[in-house]
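Because the structure is predicted, anything quoted here is derived from the model rather than measured. Basis for what follows: all heavy atoms, side chains included, without hydrogens, waters or symmetry-related copies. Below, chains carry the letters A, B, ... as their sequence lines are ordered, and counting in each starts from 1.
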Protein chains: 2
Amino acid sequence: MADGRGTATAGGENLLFLTDEQLRQGIEAMFFAYRGFTADPDRILSDMAYGRAHHRAIHFINRAPGTTVNNLLNILGVTKQSLNRVLRTLIEDGLVESRVGKTDKRERHLYLTEDGHALEGRLSDAQRARMRAAFRDAGPEAVAGFRTVLEAMMDTEMHRTYQRLKESGA
Amino acid sequence: MADGRGTATAGGENLLFLTDEQLRQGIEAMFFAYRGFTADPDRILSDMAYGRAHHRAIHFINRAPGTTVNNLLNILGVTKQSLNRVLRTLIEDGLVESRVGKTDKRERHLYLTEDGHALEGRLSDAQRARMRAAFRDAGPEAVAGFRTVLEAMMDTEMHRTYQRLKESGA
DNA sequence: TTGGAATGTCAACAAGGCTGACTTAAACTG
DNA sequence: CAGTTTAAGTCAGCCTTGTTGACATTCCAA
């Protein structure tokens with residue numbers, strides 16, 4: 001049953017790629033690829049007292065400078081207590097700066113310091129290098145397909161929050 | 001600079017998709033998509049005393065029944081202490097069965113019990129449903145591209161171990 | 001102006017990674 | 001056959017990163 005071939009639909013549309021086995025292979029591809037995707041930054045971070053959570057925070061602060069803690073919470077999808085711990089160490093270590101909001105003093109706006117940018121660059125370079133290699137190997141058509149599927153797979157809620165932020169923040 | 005358009009290469013090959021900004025967008029797409037990818041099983045598991053680690057173990061035991069502990073370690077890329085903790089609870093709860101090897105009695109071969117298959121089905125159904133929806137929305141061409149890019153991004157070492165196992169085990 | 005909502009912080013706990021040291025049993029090898 | 005290697009499991013302890021609960025500060029609207 002796991003190896004069934006499926007059949008073409010009434011409309012003549014080819015749905016062979018929705019076979020149970022094809023879907024399972026997609027799931028496994030996602031698992032192994034995500035491994036590869038995070039491997040390089042993880043290696044860099046393991047030498048310091050940081051982990052993947054710090055990487056994510058640094059990445060999105062770089063992408064949306066001046067964003068608030070609450071915004072970051074929505075993007076990352078973790079509790080504020082969890083994010084706060086990561087943020088606190090980054091601020092203590094001088095990689096992130098937290099400025100009290102001008103109009104609303106409850107808010108804290110987040111920025112990378114010079115050191116923060118330096119680390120962001122190291123992590124980003126490693127990850128982009130692998131992404132670039134994968135994209136080059138696969139070719140433009142495959143990359144377009146890759147993007148299309150990933151977008152259909154996303155948690156749309158969270159992603160939309162991020163899009164909104166980038167537009168308003170930039 | 002982050003918004004540069006890039007240029008076609010000397011050979012006329014279109015490398016616009018290797019722009020720094022394109023790569024960053026690919027990285028973020030991967031992050032948000034992986035979130036969506038794990039969201040449904042995570043929700044199911046959070047009601048029990050299990051987590052993502054249990055899901056991974058159950059998934060691969062189902063895919064390669066009779067696999068040994070050592071094989072599973074190589075596929076999952078964790079330490080045996082970490083896997084053992086997960087495996088122990090699954091065996092105690094009667095979801096996984098561990099049989100002493102016939103030719104090599106040092107080995108333990110792992111199988112899902114009836115209950116194990118039941119849980120595997122629930123988790124798998126949820127994850128496949130989302131994957132199916134994404135694949136259907138994106139279409140066959142996009143799915144092919146998706147697979148191509150993911151394969152280029154994988155940790156080839158770990159994936160090759162898995163492929164070898166599936167071939168020999170089946 | 002006062003009470004509720006929003007924002008961020010502190011404390012404590014759990015899951016699931018990790019290393020290191022060790023035991024048991026079985027298989028291999030000189 | 002003796003000694004070594006390999007597979008699996010265990011115990012102890014650590015780290016990161018998720019969780020909930022309690023709390024302080026600030027804003028805003030009734």
Side-chain angles (χ1 to χ4, degrees), chain A residues 31 34-35 38-39 41-61 66-93 96-110 158, chain B residues 31 34-35 38-39 41-58 61 66-93 96-110 158 161 165:
Chain A
F31 169 71
Y34 199 77
R35 273 284 167 138
T38 56
D42 281 358
R43 239 187 311 277
I44 294 173
L45 288 160
S46 72
D47 292 341
M48 326 186 197
Y50 297 142
R52 210 176 285 178
H54 299 82
H55 182 193
R56 289 195 287 261
I58 288 173
H59 174 95
F60 285 107
I61 293 172
T67 194
T68 64
V69 173
N70 214 3
N71 285 340
L72 212 47
L73 243 36
N74 291 325
I75 293 171
L76 296 175
V78 295
T79 58
K80 59 182 174 175
Q81 295 85 337
S82 187
L83 174 60
N84 193 254
R85 184 177 338 99
V86 166
L87 234 35
R88 191 166 44 209
T89 67
L90 290 175
I91 291 168
E92 276 170 10
D93 296 352
V96 168
E97 193 190 348
S98 163
R99 299 185 203 154
V100 173
K102 280 191 173 160
T103 62
D104 188 334
K105 287 177 190 161
R106 291 173 303 181
E107 295 179 340
R108 299 295 131 87
H109 297 273
L110 303 169
M158 188 159 53
Chain B
F31 168 71
Y34 197 77
R35 272 287 167 132
T38 55
D42 281 357
R43 240 187 312 276
I44 295 173
L45 288 160
S46 72
D47 293 341
M48 327 187 198
Y50 297 141
R52 209 176 286 178
H54 299 84
H55 182 193
R56 289 196 287 261
I58 287 174
I61 292 172
T67 193
T68 63
V69 173
N70 218 357
N71 285 340
L72 211 48
L73 284 177
N74 291 326
I75 293 171
L76 296 174
V78 296
T79 59
K80 64 176 172 179
Q81 294 89 335
S82 189
L83 175 59
N84 195 254
R85 189 178 9 198
V86 166
L87 230 37
R88 193 165 42 205
T89 68
L90 290 174
I91 291 168
E92 277 170 10
D93 296 353
V96 168
E97 193 191 347
S98 163
R99 298 185 205 151
V100 173
K102 279 191 174 158
T103 61
D104 188 334
K105 289 176 190 163
R106 291 172 305 179
E107 294 179 340
R108 300 295 132 87
H109 297 272
L110 302 169
M158 189 160 52
T161 301
L165 265 167

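Distance Asp42(A) CG to dT17(D) C1': 13 Å, rounded to the nearest Å. As rounded to whole Å, 9 Å separates atom C1' of dT9(C) from atom CZ of Arg108(A). Between Tyr50(B) atom OH and dA15(C) atom C1' the separation is 14 Å, expressed in whole Å. Distance CZ (Arg35(A)) to C1' (dG17(C)): 10 Å, rounded to an integer number of Å. Taking atom CG of Asn74(A) as the reference point, atom P of dG8(C) lies 10 Å away to the nearest angstrom. To the nearest angstrom, P of dT17(D) lies 11 Å from CD1 of Ile58(A). Distance Leu45(B) CG to dT19(D) P: 15 Å, rounded to the nearest Å. Atom CG in Leu90(B) sits roughly 16 Å away from atom C1' in dG9(D) (whole-Å rounding).
At dT10(D), one or more side-chain N or O atoms of Asn84(B) fall inside 4.0 Å of OP1 or OP2 (strictly under the cut-off). Here Thr79(B) reaches the OP1 or OP2 of dC18(C): one of its side-chain N or O atoms lies under 4.0 Å away. The shortest distance between the side-chain N/O atoms of Asn70(B) and the OP1/OP2 oxygens of dT6(D) is not below 4.0 Å. Between Arg56(A) and the phosphate of dG18(D), there is a side-chain N or O to OP1/OP2 separation shorter than 4.0 Å. Contact annotation: Ser82(B) does not reach the phosphate of dG16(C) (side-chain N/O to OP1 or OP2, under 4.0 Å).
Contact annotation for His54(B): backbone-only contact, meaning every heavy-atom pair under 4.0 Å involves sugar-phosphate atoms and none involves a base. Contacts of Thr103(B) with the nucleic acid, taken as non-hydrogen atoms under 4.0 Å apart, involve only primed sugar atoms and P, OP1 or OP2. Note on Lys105(B): only backbone sugar-phosphate atoms sit closer than 4.0 angstrom, heavy atoms only; bases stay farther off. Using a 4.0 Å heavy-atom criterion, one finds that Gly77(B) contacts the sugar-phosphate atoms exclusively.
In this structure, the side chain of Arg35(B) engages the main chain of Leu76(A) through a donor-acceptor pair within 3.5 Å.
Ring geometry for Tyr34(A) versus Tyr34(B): interplanar angle under 30°, hence parallel rather than tilted (30 to 60°). Between His54(B) and Tyr50(B), the two ring planes are tilted [angle within 30° to 60°].
The heavy-atom pair separating Leu87(A) from Ala57(A) by the smallest distance is CD1-CB, 4.5 Å. When all heavy atoms of Ile91(A) and Ser98(A) are compared, the closest pair comes out as CD1-CB, 3.7 Å. Smallest separation of non-hydrogen atoms from His109(B) and Gly66(B): ND1-O, 2.7 Å.
Side chain Gln81(A) to base dG21(D): a donor-acceptor pair is found below 3.5 Å. Side chain Arg106(B) to base dT6(D): a donor-acceptor pair is found below 3.5 Å. Remark: the Arg85(B) side chain and the dG17(C) base include a donor-acceptor N/O pair separated by less than 3.5 Å.
Of the listed nucleotides (dT19(C), dG8(C), dG17(C)), dG8(C) has the atom at the smallest distance from the side chain of Thr68(A). Candidate nucleotides dA8(D), dC18(C), dG9(D) were compared by shortest atom distance to the side chain of Val78(B), and dC18(C) ranks first.
Judged by closest nucleotide on DNA chain D, Arg52(A) is the one of Arg52(A) and Lys102(A) placed further toward the 5' end.
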